[in-house]
Amino acid sequence: MTIQEYFSLVFSDYTLRTITLGTTILGAVTGMLGSFAVLRKQSLLGDAISHAALPGIAIAFLITGAKDSNTLLLGALVSGLIGTFWIRGIITKTHLKSDTALGLILSLFFGFGMLLLTFIQKQPNANQAGLDKYLFGQAATLVESDVWMMVIVTGICLFVLLLFWKEFKILLFDKDYAKTLGFNTKTIDILITSFIVLAIVLGLQTVGVVLMSAMLLAPAAAARQWTNSLATMVFLAAIFGAFSGVFGTAISASQNNLSTGPVIVLVAAVFVFISFVFSPSRGLLFKQIRFIKNRRDLQLHKTLSFMYDIAITHDNISHPHEIKILNNFQGYTKGTLKKLVEKNYVTLDGSTWSLTNEGFESALNLYNQLTKNDE
Amino acid sequence: MNSAQLEIQLIASLVAVACAIPGTFLVLRKMAMISDAISHSILPGIVVGFFITQDLNSPLLIVLAALTGVITVVLVEYIQKTGLVKEDTAIGLVFPVLFSIGVLMIAKRANDIHLDIDAVLVGELALAPFDRLIISGVDVGPKSLWIIGSILIITIILLIAFFKELKLSTFDKGLAASLGFSPVIIHYGLMTVSSVTTVGAFDAVGAILVVALMIAPSATAYLLTTDLKKMLLLSIIFGVFSAISGYWFAHWLDASIAGSITTMLGFLFLMVYLFAPSKGVIAVLYREKQQRTEVSLLTFLLHLKNHDEVQERHVNHLNEHINWQKVRSKTVLDLALKNNMIIIDNHIVSLTSKGDEFTTQAIDYIITNEDAQIEDMKDDFFLFRG
């Protein structure tokens with residue numbers, strides 16, 4: 001199947017439509033909530049939570065014996081929340097730092113989950129196959145009820161987000177101020193963290209435990225580069241996430257043997273890369289261009305001020321001088337000389353240059369400005 | 001116990017020791033999550049190495065994977081340096097991308113390679129004794145044992161040779177740099193050792209257990225001591241203990257050995273986290289409660305000192321005036337009585353000379369902004385703590 005075929009089939013084919021809808025909604029909701037994780041410097045929390053969810057899935061299966069994805073995700077949610085609050089406990093109650101706490105919970109819960117999974121596999125009832133899809137995710141197993149579940153959760157997230165927008169925002173940027181204004185920062189904090197956990201758990205079936213954190217981070221990190229406003233960032237992150245979902249599904253459907261999760265992550269990474277390089281205000285490309293431009297301006301000023309120093313030793317400022325003198329001066333290039341002529345600061349006459357009145361004036365001011373800045 | 005079981009336990013213990021040494025420094029340098037990132041991102045290195053050699057135990061695999069590990073660190077640091085995102089976001093972006101590339105490479109060539117992603121994550125320790133190293137026809141033991149053994153020996157040599165430098169640059173980067181030890185070299189040295197250990201251990205115990213073995217024993221030890229040498233020793237002991245007890249636990253449950261070792265580590269950490277003598281949660285909570293009562297006591301004594309009027313010093317009045325609950329004011333009153341700070345005469349509370357002296361000194365410290373001194377002073381005055 002080629003990508004064109006995919007797009008013509010996506011509206012008619014049930015499986016493709018379900019999967020695409022699922023990944024799109026998932027991308028949007030993780031992007032939205034991921035913005036908060038990134039801004040709160042909790043980027044790796046997502047990684048820890050998604051790993052911490054694994055034992056929950058296994059225990060839910062052990063208790064109910066059913067593979068109903070909603071039950072399993074409920075287990076994942078509970079164990080994700082336990083992990084999150086234990087991380088908090090470690091950070092606030094002991095002197096262990098947040099990275100240690102995250103790494104600890106991540107690896108310990110995951111290891112425990114693997115123990116349970118292997119334990120389940122050895123059980124006599126053969127119903128257990130397919131639990132390991134939660135490791136790397138399998139978008140192909142999405143059914144319509146899963147998508148409805150995602151829609152409902154996204155709806156709730158959106159509603160709560162809009163309802164507590166002001167509180168979330170103020171907590172994000174100035175926690176102490178929020179406290180002095182009388183907001184219950186603890187409750188808001190728990191609310192927002194729980195929603196992040198919820199979004200992660202929702203994605204486990206599609207993207208899997210290992211790669212879920214990227215779904216949370218990548219759209220938000222990309223969106224952050226284009227704007228300084230929270231609302232725009234959340235909106236953009238949702239769009240980036242949704243598009244990663246669509247394109248990732250399209251690419252993985254059009255090739256054999258490409259799992260959806262990793263492809264979605266890679267598409268999201270492409271968004272991040274483009275944003276890092278091409279964003280107008282923060283991007284590396286424009287930063288470099290600005291840097292070069294500033295350096296050129298500085299060279300121009302240096303050359304001009306060097307000329308000024310020579311010209312001022314003569315009675316007539318427009319007294320012609322050899323271009324050669326400039327050769328042993330570092331800021332000088334042919335390009336800067338041409339620019340100076342363009343700006344009408346200098347006139348050229350064969351192999352000599354002379355400062356114009358205008359050039360003299362601006363060099364004088366340049367000097368004044370510099371001394372002023374020095375003060 | 002047969003020889004295969006013995007060998008498995010030996011390999012697991014060696015891995016535990018080899019992980020605990022770099023792990024201790026990673027935890028102290030607040031770089032624990034880097035080890036997680038490395039453990040995931042070495043996957044493409046392993047896959048490429050496997051494509052070239054078709055052998056999971058070839059040294060080229062270790063070299064390539066360690067290289068990918070170092071590339072991860074460099075990439076993370078580069079992204080962080082651009083200032084576009086914070087360090088943790090940079091880590092969170094780099095390793096899933098590299099891991100995805102690895103997964104896709106495996107998926108594309110699934111038919112002609114025997115490399116299971118699950119095995120990379122959790123390893124198959126139970127199979128380690130079956131892959132023997134045979135030198136000129138003589139069976140000298142499992143390959144994994146030799147690989148992890150040599151990595152461990154190199155790690156120990158490096159640790160002994162550079163212990164001073166590592167210690168200095170971990171606790172005081174500025175001083176280390178000014179004394180001429182390059183922090184960059186030590187940083188990348190440590191990163192390389194971590195990568196090599198991760199790779200060497202992955203096919204025996206899997207990537208996640210490597211992370212657990214690096215972070216958990218060190219973090220557990222860090223809750224018990226603040227001495228670097230003791231911390232190293234303790235984390236090695238915890239690691240080896242979990243490795244061996246984890247093996248028998250798995251044996252009993254008939255489940256994954258790696259998962260079981262991690263569970264043991266988790267159990268150890270939970271115990272220490274709860275019950276560590278001075279840094280455990282219970283100790284911390286107890287201390288917080290004690291301090292709360294003592295601060296209340298101080299407030300109460302200051303109130304008494306400020307008021308000579310009888311009605312201000314009536315027992316019942318205190319409840320309303322300082323706004324305490326009944327139980328709380330009773331605790332504080334009892335504590336003050338026990339310490340001979342006050343006497344209660346016909347429901348009127350007054351300071352004893354000892355209480356008066358204590359309060360005067362406390363006020364002195366508060367006025368001169370040396371509140372910390374009050375803690376030391378308490379030892380001189382208090383017979384009973386809150």
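Reminder, nothing fancy here: chain letters follow the sequence lines and each chain counts from 1.
- Of the listed residues (Ala220(A), Ser107(A), Gly283(A)), the one with the most heavy-atom contacts under 4.5 Å to chain B is Ser107(A).
- Within 6.0 Å of NZ on Lys173(B) lie no more than 12 heavy atoms contributed by other residues, nucleotides or ligands.
- Heavy-atom distances place no part of Glu87(B) under 4.5 Å from chain A, backbone and side chain included.
- In this structure, CG in Leu45(A) is found 10.0 Å from CG in Asp88(B), a value given to the nearest 0.5 Å.
- Surrounding CZ of Phe173(A) are more than 12 heavy atoms belonging to other residues, nucleotides or ligands, all under 6.0 Å away.
- Atoms CG and CD1, on Leu96(A) and Ile215(B) in that order, are 11.0 Å from each other to the nearest 0.5 Å.
- The two residues Val103(B) and Pro262(A) come nearest to each other via the heavy atoms CG1-CG, 3.7 Å.
- No side-chain heavy atom of Asp99(A) sits under 4.5 Å from any side-chain heavy atom of Ile34(B).
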- Task: Apply the test side-chain contact (heavy atoms from CB on, under 4.5 Å) to residues Ile90(A) and Phe269(B): give CA-CA distance (whole Å), side-chain angles for both, the deciding distance (0.1 Å), then the verdict.
- Result: CA-CA 11 Å; Ile90(A) 293 176; Phe269(B) 176 75; 3.6 Å; yes
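- With rounding to the nearest 0.5 angstrom, the CE atom of Met214(B) is 13.5 Å from the CG atom of Leu104(A).
- Residue Ile79(B) touches chain A through its side chain alone, counting heavy-atom pairs closer than 4.5 Å.
- Side-chain contact between Leu285(B) and Lys93(A) is present, with at least one heavy-atom pair separated by less than 4.5 Å.
- You'll find the side chain of Phe99(B) stays beyond 4.5 Å of the side chain of Val265(A), heavy atoms only.
- If you measure heavy-atom distances from Leu106(A) to chain B, the contacts under 4.5 Å come from the side chain alone.
- In this structure, OG1 in Thr100(A) is found 13.5 Å from CZ in Arg29(B), a value given to the nearest 0.5 Å.
- When every heavy atom of Pro96(B) is checked against every heavy atom of Ser213(A), the shortest pair comes out as CG-OG, 4.0 Å.
- No side-chain heavy atom of Ile91(B) sits less than 4.5 Å from a side-chain heavy atom of Ser43(A).
- Side chain of Arg224(A) to backbone of Val85(B): no donor-acceptor contact under 3.5 angstrom is found.
- Of the atoms belonging to Lys97(A), it is side-chain heavy atoms, and not backbone ones, that fall under 4.5 Å from chain B.
- Interface remark: Leu270(B) contributes backbone and side-chain atoms alike to the contact with chain A (heavy atom separation under 4.5 Å).
- The line from CG of Leu102(A) to CE of Met33(B) is 5.0 Å long, rounded to the nearest 0.5 Å.
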- Item | Candidate pair Phe110(A) and Val211(B), rule side-chain contact (heavy atoms from CB on, under 4.5 Å), full reasoning | CA-CA 11 Å; Phe110(A) 189 79; Val211(B) 181; over 6 Å; no
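- Between Thr89(B) and Leu217(A), the closest heavy-atom pair is O-CD1, 3.9 Å.
- Remark: the backbone N or O of Gly111(A) is not paired with any side-chain donor or acceptor of Thr262(B) at under 3.5 angstrom.
- The two atoms that bring Thr94(A) and Lys279(B) nearest to each other are CG2-O, 3.7 Å, heavy atoms only.
- Enclosure of atom CZ in Phe171(B) by more than 12 non-hydrogen atoms of other residues, nucleotides or ligands within 6.0 angstrom is indicated.
- Under a cut-off of 6.0 angstrom, the local environment of CZ in Phe267(B) is sparse, with at most 12 non-hydrogen atoms contributed by other residues, nucleotides or ligands.
- In this structure, the portion of Val284(B) lying under 4.5 Å from any heavy atom of chain A is its side chain and not its backbone.
- Atoms CE and OG1, from Met114(A) and Thr263(B) in turn, are 11.0 Å apart once rounded to the nearest 0.5 Å.
- Using a 4.5 Å cut-off between heavy atoms, Met264(B) does not touch chain A at all.
- Side-chain N or O atoms of His40(B) include none that pairs as donor or acceptor with a backbone N or O of Leu211(A) at under 3.5 Å.
- Residue contact with chain A, scored on non-hydrogen atoms closer than 4.5 Å, involves the side chain of Lys86(B) exclusively.
- Across all non-hydrogen atoms, the minimal contact from Leu93(B) to Phe276(A) is CD1-CZ, 4.2 Å.
- With chain B as the partner, the residue from Lys287(A), Gln42(A), Arg282(A) showing the most heavy-atom pairs under 4.5 Å is Arg282(A).
- In terms of heavy-atom pairs under 4.5 angstrom with chain B, the leader among Gly89(A), Gly46(A), Pro55(A) is Gly89(A).
- At least one side-chain heavy atom of His95(A) sits under 4.5 Å from a side-chain heavy atom of Leu223(B).
- Contacts of Asp254(B) with chain A are made by both backbone and side-chain atoms, with heavy-atom separations under 4.5 Å.
- Contact annotation: the side chain of Leu115(A) approaches that of Phe249(B) to within less than 4.5 Å [non-hydrogen atoms, C-beta and beyond].
- Minimum heavy-atom separation, Thr118(A) to Ala255(B): OG1-CB, 3.4 Å.
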